[in-house]
Amino acid sequence: GGRGPRAMIVGPSHSGKTSVAKLLVNYAVRLGERPVLVDLDVKHCCFLVPGAIGAAVVSETITMDGKGGAFDPLAFFYGYRDVESRPELLKHLVASLGDAVKRVATPGGVVIDTSACGAGPLPTYEAVLFAAKAFEVDLVLVIEQDRIYNDLKRDLSAGLPHATVVRLPKSGGVVAHEKAFRRQAERQACSDYYYGPHMDLCPRPTVVPFSKLFLYQAASTPPAPTDALPIGAVAAPKEVEMVRVAPSEGLDKRILGVVTKFGTVKEELSEQQAKDLSTADCVGFVHIQRVDMANQRVTLLMPNAVGLPSNVMLMGDVDLPD
(Lines give C-alpha, C1' and ligand atoms only; values in the text may rest on other atoms or scores of the structure.)
Protein backbone atom coordinates (compact mmCIF):
# COMPACT_ATOMS: atom_id res chain seq x y z
CA GLY A 1 0.00 0.00 0.00
CA GLY A 2 0.97 3.62 0.25
CA ARG A 3 1.62 6.42 -2.16
CA GLY A 4 4.61 6.42 -4.46
CA PRO A 5 5.94 9.46 -6.31
CA ARG A 6 3.80 11.09 -8.99
CA ALA A 7 5.71 12.48 -11.95
CA MET A 8 4.33 14.43 -14.92
CA ILE A 9 6.20 14.98 -18.20
CA VAL A 10 5.52 18.24 -20.03
CA GLY A 11 6.83 19.72 -23.26
CA PRO A 12 6.07 20.81 -26.81
CA SER A 13 5.25 18.50 -29.68
CA HIS A 14 8.01 16.11 -30.81
CA SER A 15 10.07 16.62 -27.65
CA GLY A 16 10.20 12.97 -26.50
CA LYS A 17 7.66 13.17 -23.64
CA THR A 18 6.25 9.70 -24.23
CA SER A 19 9.70 8.13 -24.44
CA VAL A 20 10.62 9.65 -21.07
CA ALA A 21 7.34 8.40 -19.56
CA LYS A 22 7.96 4.85 -20.80
CA LEU A 23 11.56 5.00 -19.56
CA LEU A 24 10.45 5.94 -16.03
CA VAL A 25 7.76 3.25 -16.01
CA ASN A 26 10.25 0.62 -17.19
CA TYR A 27 12.72 1.59 -14.45
CA ALA A 28 9.99 1.04 -11.85
CA VAL A 29 8.97 -2.33 -13.38
CA ARG A 30 12.59 -3.55 -13.35
CA LEU A 31 12.75 -2.64 -9.67
CA GLY A 32 9.83 -5.00 -9.04
CA GLU A 33 7.18 -2.27 -8.81
CA ARG A 34 3.82 -1.98 -10.59
CA PRO A 35 3.65 1.70 -11.55
CA VAL A 36 0.58 3.42 -12.96
CA LEU A 37 0.98 4.99 -16.40
CA VAL A 38 -1.46 7.83 -17.07
CA ASP A 39 -1.72 9.01 -20.67
CA LEU A 40 -3.39 12.39 -21.20
CA ASP A 41 -2.16 12.79 -24.79
CA VAL A 42 -5.44 13.08 -26.68
CA LYS A 43 -3.71 12.84 -30.07
CA HIS A 44 -2.02 9.53 -29.35
CA CYS A 45 -2.75 7.60 -26.16
CA CYS A 46 -0.15 4.83 -26.15
CA PHE A 47 -2.59 2.08 -25.05
CA LEU A 48 -5.97 3.35 -26.32
CA VAL A 49 -7.51 4.89 -29.43
CA PRO A 50 -6.95 8.51 -30.52
CA GLY A 51 -9.13 10.92 -28.55
CA ALA A 52 -9.01 8.80 -25.38
CA ILE A 53 -7.19 9.28 -22.09
CA GLY A 54 -6.61 6.65 -19.45
CA ALA A 55 -4.56 5.03 -16.72
CA ALA A 56 -3.19 1.51 -16.41
CA VAL A 57 -1.11 -0.48 -13.97
CA VAL A 58 2.02 -1.63 -15.81
CA SER A 59 3.41 -5.03 -14.88
CA GLU A 60 5.78 -5.60 -17.82
CA THR A 61 8.30 -3.35 -19.54
CA ILE A 62 7.05 -1.36 -22.53
CA THR A 63 9.00 -1.08 -25.76
CA MET A 64 9.42 2.36 -27.31
CA ASP A 65 6.85 1.46 -29.99
CA GLY A 66 4.28 0.79 -27.26
CA LYS A 67 4.29 -3.00 -27.23
CA GLY A 68 4.20 -4.86 -23.91
CA GLY A 69 2.98 -3.42 -20.65
CA ALA A 70 0.00 -5.81 -20.17
CA PHE A 71 -2.48 -2.92 -20.03
CA ASP A 72 -5.95 -3.18 -18.52
CA PRO A 73 -6.77 0.51 -18.49
CA LEU A 74 -9.37 2.73 -16.96
CA ALA A 75 -10.44 4.73 -20.02
CA PHE A 76 -12.28 7.97 -20.77
CA PHE A 77 -13.27 9.22 -24.22
CA TYR A 78 -12.64 12.88 -24.95
CA GLY A 79 -13.29 12.41 -28.68
CA TYR A 80 -11.02 15.11 -30.14
CA ARG A 81 -7.38 15.30 -31.19
CA ASP A 82 -6.84 18.81 -29.82
CA VAL A 83 -7.05 20.13 -26.28
CA GLU A 84 -8.57 23.34 -27.67
CA SER A 85 -11.66 21.60 -29.09
CA ARG A 86 -13.51 20.98 -25.80
CA PRO A 87 -11.24 22.24 -22.97
CA GLU A 88 -13.98 22.18 -20.34
CA LEU A 89 -14.95 18.59 -21.13
CA LEU A 90 -11.30 17.56 -20.91
CA LYS A 91 -11.05 19.14 -17.45
CA HIS A 92 -14.00 17.06 -16.23
CA LEU A 93 -12.49 13.85 -17.59
CA VAL A 94 -9.01 14.57 -16.19
CA ALA A 95 -10.51 15.38 -12.78
CA SER A 96 -12.42 12.06 -12.80
CA LEU A 97 -9.31 10.14 -13.84
CA GLY A 98 -7.23 11.91 -11.20
CA ASP A 99 -9.76 11.09 -8.49
CA ALA A 100 -9.79 7.43 -9.55
CA VAL A 101 -5.99 7.16 -9.45
CA LYS A 102 -5.78 8.90 -6.07
CA ARG A 103 -8.35 6.51 -4.57
CA VAL A 104 -6.10 3.47 -5.03
CA ALA A 105 -2.74 2.69 -3.47
CA THR A 106 0.10 3.39 -5.89
CA PRO A 107 3.32 2.34 -4.13
CA GLY A 108 5.00 1.88 -7.52
CA GLY A 109 4.39 5.51 -8.38
CA VAL A 110 2.43 7.29 -11.10
CA VAL A 111 3.91 8.57 -14.38
CA ILE A 112 1.78 11.03 -16.38
CA ASP A 113 2.29 11.73 -20.08
CA THR A 114 0.60 14.84 -21.48
CA SER A 115 -0.49 16.45 -24.72
CA ALA A 116 1.89 18.88 -26.41
CA CYS A 117 2.03 22.09 -24.40
CA GLY A 118 2.67 25.67 -25.42
CA ALA A 119 3.77 28.50 -23.14
CA GLY A 120 1.56 31.33 -22.00
CA PRO A 121 -2.21 31.59 -21.40
CA LEU A 122 -3.09 28.84 -23.88
CA PRO A 123 -5.61 25.98 -23.47
CA THR A 124 -2.74 23.48 -23.69
CA TYR A 125 -0.88 25.13 -20.81
CA GLU A 126 -4.07 25.49 -18.77
CA ALA A 127 -4.74 21.77 -19.31
CA VAL A 128 -1.29 20.83 -18.01
CA LEU A 129 -1.63 23.08 -14.97
CA PHE A 130 -5.08 21.65 -14.24
CA ALA A 131 -3.82 18.07 -14.57
CA ALA A 132 -0.85 18.69 -12.26
CA LYS A 133 -3.24 19.79 -9.54
CA ALA A 134 -5.83 17.10 -10.28
CA PHE A 135 -3.22 14.37 -9.77
CA GLU A 136 -1.38 16.25 -6.98
CA VAL A 137 1.97 15.61 -8.65
CA ASP A 138 5.29 15.68 -6.80
CA LEU A 139 7.56 16.14 -9.80
CA VAL A 140 7.14 17.90 -13.14
CA LEU A 141 9.74 17.23 -15.82
CA VAL A 142 9.74 19.97 -18.46
CA ILE A 143 11.47 19.13 -21.72
CA GLU A 144 13.19 21.90 -23.69
CA GLN A 145 10.90 24.87 -23.06
CA ASP A 146 12.31 27.47 -20.64
CA ARG A 147 9.09 29.50 -20.73
CA ILE A 148 6.93 26.54 -19.68
CA TYR A 149 9.47 25.65 -16.98
CA ASN A 150 9.40 29.15 -15.52
CA ASP A 151 5.62 29.45 -15.77
CA LEU A 152 5.07 26.14 -13.99
CA LYS A 153 7.55 26.98 -11.23
CA ARG A 154 5.59 30.16 -10.61
CA ASP A 155 2.08 28.72 -10.97
CA LEU A 156 2.60 25.52 -8.98
CA SER A 157 4.28 27.25 -6.05
CA ALA A 158 0.91 28.27 -4.60
CA GLY A 159 -1.36 25.27 -5.27
CA LEU A 160 1.29 22.52 -5.05
CA PRO A 161 4.14 23.93 -2.95
CA HIS A 162 5.67 20.45 -2.49
CA ALA A 163 5.99 19.89 -6.26
CA THR A 164 9.45 20.07 -7.80
CA VAL A 165 9.81 21.35 -11.37
CA VAL A 166 12.89 20.13 -13.25
CA ARG A 167 14.08 21.13 -16.71
CA LEU A 168 15.30 18.39 -19.08
CA PRO A 169 17.11 18.81 -22.40
CA LYS A 170 15.49 17.31 -25.47
CA SER A 171 17.03 14.01 -26.51
CA GLY A 172 19.19 14.21 -29.61
CA GLY A 173 17.28 11.27 -31.09
CA VAL A 174 13.91 13.06 -31.19
CA VAL A 175 12.62 13.91 -34.68
CA ALA A 176 9.52 15.74 -35.92
CA HIS A 177 7.16 13.47 -37.84
CA GLU A 178 5.27 14.38 -41.01
CA LYS A 179 1.48 14.44 -40.95
CA ALA A 180 1.29 11.24 -43.02
CA PHE A 181 3.47 9.44 -40.47
CA ARG A 182 1.28 10.60 -37.59
CA ARG A 183 -1.85 9.45 -39.43
CA GLN A 184 -0.29 6.04 -39.98
CA ALA A 185 0.61 5.90 -36.28
CA GLU A 186 -3.08 6.53 -35.49
CA ARG A 187 -4.11 3.66 -37.73
CA GLN A 188 -1.56 1.42 -36.07
CA ALA A 189 -2.82 2.38 -32.59
CA CYS A 190 -6.37 1.50 -33.63
CA SER A 191 -5.21 -1.74 -35.24
CA ASP A 192 -3.43 -2.65 -32.00
CA TYR A 193 -6.60 -1.90 -30.05
CA TYR A 194 -8.98 -3.92 -32.23
CA TYR A 195 -6.71 -6.68 -33.53
CA GLY A 196 -3.99 -6.75 -30.86
CA PRO A 197 -0.32 -5.80 -31.34
CA HIS A 198 0.35 -9.36 -32.52
CA MET A 199 -2.89 -9.65 -34.54
CA ASP A 200 -4.16 -12.21 -32.02
CA LEU A 201 -7.59 -10.67 -31.34
CA CYS A 202 -10.77 -11.23 -33.34
CA PRO A 203 -12.87 -8.05 -33.59
CA ARG A 204 -16.45 -8.48 -34.70
CA PRO A 205 -18.70 -6.23 -36.80
CA THR A 206 -22.25 -5.88 -35.53
CA VAL A 207 -25.26 -4.13 -37.07
CA VAL A 208 -27.30 -1.79 -34.85
CA PRO A 209 -30.53 -0.01 -35.87
CA PHE A 210 -30.54 3.78 -35.51
CA SER A 211 -33.46 3.48 -33.08
CA LYS A 212 -31.36 1.50 -30.61
CA LEU A 213 -28.31 3.76 -30.69
CA PHE A 214 -27.98 6.67 -28.25
CA LEU A 215 -25.07 8.91 -29.29
CA TYR A 216 -24.00 11.93 -27.23
CA GLN A 217 -21.51 14.68 -27.88
CA ALA A 218 -20.29 17.61 -25.78
CA ALA A 219 -21.63 20.97 -26.95
CA SER A 220 -18.98 23.59 -27.55
CA THR A 221 -18.38 25.50 -24.33
CA PRO A 222 -16.20 28.65 -24.11
CA PRO A 223 -13.34 28.04 -21.66
CA ALA A 224 -13.67 29.60 -18.23
CA PRO A 225 -12.01 33.04 -18.10
CA THR A 226 -8.62 33.05 -16.42
CA ASP A 227 -7.66 36.74 -16.46
CA ALA A 228 -9.28 37.44 -13.07
CA LEU A 229 -7.73 34.45 -11.31
CA PRO A 230 -4.76 34.74 -8.94
CA ILE A 231 -1.39 33.55 -10.25
CA GLY A 232 -1.29 29.76 -10.32
CA ALA A 233 -5.02 29.33 -9.83
CA VAL A 234 -6.99 27.17 -12.25
CA ALA A 235 -10.64 27.82 -13.03
CA ALA A 236 -13.00 25.03 -12.00
CA PRO A 237 -14.44 23.29 -15.06
CA LYS A 238 -17.67 24.80 -16.32
CA GLU A 239 -20.70 22.58 -16.71
CA VAL A 240 -20.65 20.78 -20.06
CA GLU A 241 -23.86 20.18 -22.00
CA MET A 242 -24.01 16.71 -23.54
CA VAL A 243 -26.41 16.62 -26.48
CA ARG A 244 -27.87 13.66 -28.32
CA VAL A 245 -26.72 13.27 -31.92
CA ALA A 246 -28.84 11.66 -34.64
CA PRO A 247 -26.97 9.13 -36.82
CA SER A 248 -26.07 10.48 -40.26
CA GLU A 249 -23.68 9.77 -43.12
CA GLY A 250 -21.29 12.30 -41.58
CA LEU A 251 -20.59 9.83 -38.75
CA ASP A 252 -19.03 7.28 -41.09
CA LYS A 253 -15.63 6.05 -39.80
CA ARG A 254 -16.01 7.78 -36.41
CA ILE A 255 -14.74 6.19 -33.20
CA LEU A 256 -17.23 5.98 -30.31
CA GLY A 257 -16.72 5.41 -26.60
CA VAL A 258 -19.10 2.89 -25.00
CA VAL A 259 -20.47 4.01 -21.61
CA THR A 260 -21.91 1.33 -19.32
CA LYS A 261 -22.93 3.67 -16.49
CA PHE A 262 -26.61 3.40 -17.50
CA GLY A 263 -26.57 -0.04 -19.13
CA THR A 264 -28.71 -0.59 -22.21
CA VAL A 265 -31.40 2.08 -22.42
CA LYS A 266 -34.66 2.30 -24.38
CA GLU A 267 -35.19 6.04 -24.27
CA GLU A 268 -33.19 9.24 -24.22
CA LEU A 269 -31.21 9.93 -21.07
CA SER A 270 -32.61 12.32 -18.49
CA GLU A 271 -31.02 15.75 -18.14
CA GLN A 272 -29.05 14.63 -15.07
CA GLN A 273 -27.90 11.41 -16.73
CA ALA A 274 -26.71 13.38 -19.76
CA LYS A 275 -24.73 15.68 -17.45
CA ASP A 276 -23.13 12.64 -15.83
CA LEU A 277 -21.72 11.59 -19.21
CA SER A 278 -19.11 14.37 -18.93
CA THR A 279 -17.39 12.40 -16.16
CA ALA A 280 -18.23 8.83 -17.23
CA ASP A 281 -15.56 6.26 -18.05
CA CYS A 282 -15.78 3.93 -21.04
CA VAL A 283 -15.63 0.15 -21.12
CA GLY A 284 -14.23 0.22 -24.65
CA PHE A 285 -14.44 1.74 -28.12
CA VAL A 286 -16.23 0.87 -31.34
CA HIS A 287 -15.58 2.03 -34.90
CA ILE A 288 -18.38 2.98 -37.29
CA GLN A 289 -17.58 1.00 -40.43
CA ARG A 290 -20.72 1.88 -42.37
CA VAL A 291 -23.75 4.13 -42.06
CA ASP A 292 -26.69 2.67 -43.99
CA MET A 293 -29.17 5.53 -44.31
CA ALA A 294 -31.54 3.53 -46.54
CA ASN A 295 -32.04 0.83 -43.90
CA GLN A 296 -31.49 3.14 -40.90
CA ARG A 297 -28.64 1.17 -39.33
CA VAL A 298 -24.91 1.31 -38.64
CA THR A 299 -22.22 -1.35 -38.72
CA LEU A 300 -19.90 -1.14 -35.71
CA LEU A 301 -16.54 -2.86 -35.31
CA MET A 302 -16.21 -4.15 -31.73
CA PRO A 303 -13.00 -5.41 -30.07
CA ASN A 304 -14.57 -8.79 -29.26
CA ALA A 305 -17.53 -11.05 -29.97
CA VAL A 306 -19.19 -10.66 -26.57
CA GLY A 307 -21.79 -8.17 -27.81
CA LEU A 308 -22.46 -4.53 -27.01
CA PRO A 309 -22.55 -4.01 -23.22
CA SER A 310 -24.43 -0.72 -23.70
CA ASN A 311 -26.07 1.30 -26.44
CA VAL A 312 -25.08 4.66 -24.91
CA MET A 313 -22.00 6.03 -26.67
CA LEU A 314 -19.87 9.16 -26.73
CA MET A 315 -18.53 10.75 -29.88
CA GLY A 316 -16.41 13.67 -30.99
CA ASP A 317 -14.71 14.25 -34.33
CA VAL A 318 -12.06 11.50 -34.14
CA ASP A 319 -12.36 9.22 -37.12
CA LEU A 320 -10.35 6.45 -38.70
CA PRO A 321 -10.58 6.64 -42.50
CA ASP A 322 -9.67 3.57 -44.54
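Smallest separation of non-hydrogen atoms from Ala55 and Val38: CB-CG2, 3.8 Å. Between Leu48 and Ala75 the shortest heavy-atom distance is CD1-CB, 3.7 Å. Here the closest non-hydrogen pair linking Leu37 and Cys46 is CD2-SG, 3.8 Å. Closest approach of Val83 to Pro123, counting heavy atoms only: CG1-O, 3.7 Å. Looking at every heavy atom in both residues, Leu269 comes nearest to Ala274 through CB-N, 4.2 Å. Contact between Pro205 and Thr299 at its shortest, heavy atoms only, is CB-CG2, 4.0 Å.
His287 places no side-chain N or O within 3.5 Å of a backbone atom of Met302 that could act as its donor or acceptor partner. When atom types are taken as modelled, the side chain of Thr279 and the backbone of Ser96 share no donor-acceptor pair closer than 3.5 angstrom. Between the side chain of Asp72 and the backbone N or O of Ala56, no donor-acceptor pair lies under 3.5 Å. Judged purely by atom type and a 3.5 angstrom limit, Arg86 has no side-chain atom pairing as donor or acceptor with the backbone of Tyr80. Asp39 contributes no side-chain N or O that, together with a main-chain N or O of Gly54, makes up a donor-acceptor pair within less than 3.5 Å. Of the possible polar contacts, none joining the His44 side chain to the Val49 backbone as a donor-acceptor pair under 3.5 Å is found. The main-chain N or O of Leu139 is never found under 3.5 Å from a side-chain atom of Thr164 such that the two would form a donor-acceptor pair. Within the 3.5 Å criterion, the main-chain N or O of Lys212 finds a donor-acceptor partner in the side chain of Asn311.
Considering only heavy atoms from C-beta on, Val101 comes within 4.5 Å of Phe135 through its side chain. Under the 4.5 Å side-chain criterion, counting only non-hydrogen atoms from C-beta, Leu40 is not in contact with Ser115. Taking 4.5 Å as the limit, every side-chain heavy atom of Gln296 sits out of range of all side-chain heavy atoms of Pro247. Two residues are said to be in side-chain contact when any heavy atoms from C-beta on lie closer than 4.5 Å; Met8 and Val128 meet this criterion. Using a 4.5 Å cut-off on side-chain heavy atoms (C-beta onward), Cys282 and Val258 make no contact. Within the 4.5 Å cutoff, no side-chain heavy atoms of Phe77 are placed close to those of Leu93. Contact of the Val283 side chain with the Ser310 side chain is not registered, since no non-hydrogen atoms from C-beta on lie closer than 4.5 Å.
Ring planes of Phe285 and Tyr193: perpendicular class, angle over 60° (limits at 30 and 60°).
Separating the CD atom in Glu88 from the CD atom in Glu239 is a distance of 11.5 Å, to the nearest 0.5 Å. Interatomic distance, Met242 CE to Leu215 CG, rounded to the nearest 0.5 Å: 11.0 Å. Atom CD1 of residue Ile288 and atom CD of residue Glu249 lie 12.0 Å apart, to the nearest 0.5 angstrom. Note that OH of Tyr216 and CE of Met315 are 13.0 Å apart. Values are rounded to the nearest 0.5 Å. The CG atom of Leu320 sits 8.5 Å away from the NZ atom of Lys253 when rounded to the nearest 0.5 Å. Annotation: the span from Glu126 atom CD to Lys91 atom NZ amounts to 6.5 Å, rounded to 0.5 Å.
Residues Leu160 and Val166 share a hydrophobic cluster, clusters being chains of Ile/Leu/Val/Met/Phe/Trp/Tyr side chains in contact below 4.5 Å. Hydrophobic clustering, with ILVMFWY side chains joined whenever heavy atoms are under 4.5 angstrom apart, groups Ile112 together with Val57. Under the 4.5 Å side-chain heavy-atom criterion for ILVMFWY residues, no single connected hydrophobic cluster contains both Leu201 and Tyr194. Neither Val298 nor Val318 shares a network with the other; the hydrophobic side chains, linked directly or stepwise wherever heavy atoms of I, L, V, M, F, W or Y lie under 4.5 Å apart, form separate groups for each. Two different hydrophobic clusters hold Leu256 and Leu277 under the rule that ILVMFWY side chains link at heavy-atom gaps under 4.5 Å.
The environment of CD in Gln272 is crowded: more than 12 heavy-atom neighbours from other residues, nucleotides or ligands sit within 6.0 Å. Annotation for Arg244: atom CZ counts as buried by contact number, over 12 foreign heavy atoms lying within 6.0 Å. The neighbour count for Lys102 NZ, taken as heavy atoms of other residues, nucleotides or ligands under 6.0 Å away, is above 12. Counting non-hydrogen atoms of other residues, nucleotides and ligands closer than 6.0 Å to OH of Tyr195 gives a total of 12 or fewer.
Each of Val10, Val142, Leu141 was scored for a side-chain contact (heavy atoms from CB on, under 4.5 Å) with Leu168, with one residue passing: Leu141. Checking each of Val42, Asp82, Val240 against Leu90 for a side-chain contact (heavy atoms from CB on, under 4.5 Å) leaves exactly one that passes, namely Val42. With Pro309 as the fixed residue, the side-chain contact (heavy atoms from CB on, under 4.5 Å) test singles out one of Val259, Thr260, Thr264: Thr260.
Residues passing the side-chain hydrogen bond (donor to acceptor under 3.5 Å, both in side chains) test with Asp200: none are found, sequence neighbours excluded.
A salt bridge is defined here as a Lys NZ or Arg NE, NH1 or NH2 lying under 4.0 Å from an Asp or Glu carboxylate O, and Arg297 with Asp292 meets this definition. Ion pairing between a basic and an acidic side chain is recognised when a charged N comes within 4.0 Å of a carboxylate O; Asp317 and Arg254 show no such pairing.
Figure legend: Arg167 and Tyr149 shown as a cation-pi pair, the cationic atom lying under 6.0 angstrom from the six-membered ring centre and within 45 degrees of its axis.
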Problem - Derivation of the side chain to side chain contact (heavy atoms under 4.5 Å, CB included) call for Ile62 and Asn26 - result: CA-CA 7 Å; Ile62 313 169; Asn26 286 344; 3.9 Å; yes
Practice task
Could you go through the side chain to side chain contact (heavy atoms under 4.5 Å, CB included) check for Phe210 and Met293 one step at a time?
Solution key: CA-CA 9 Å; Phe210 286 177; Met293 296 302 295; 3.8 Å; yes
Handout entry: Derivation and outcome, side chain to side chain contact (heavy atoms under 4.5 Å, CB included), residues Leu308 and Val286
Key = CA-CA 9 Å; Leu308 274 176; Val286 296; 4.1 Å; yes
Exercise for the section: Please report the C-alpha distance between Asp319 and Arg81 in whole Å, then the side-chain angles of each, then the deciding distance to 0.1 Å, and finally whether the side chain to side chain contact (heavy atoms under 4.5 Å, CB included) criterion is met. Expected result: CA-CA 10 Å; Asp319 58 0; Arg81 292 181 175 89; 3.3 Å; yes
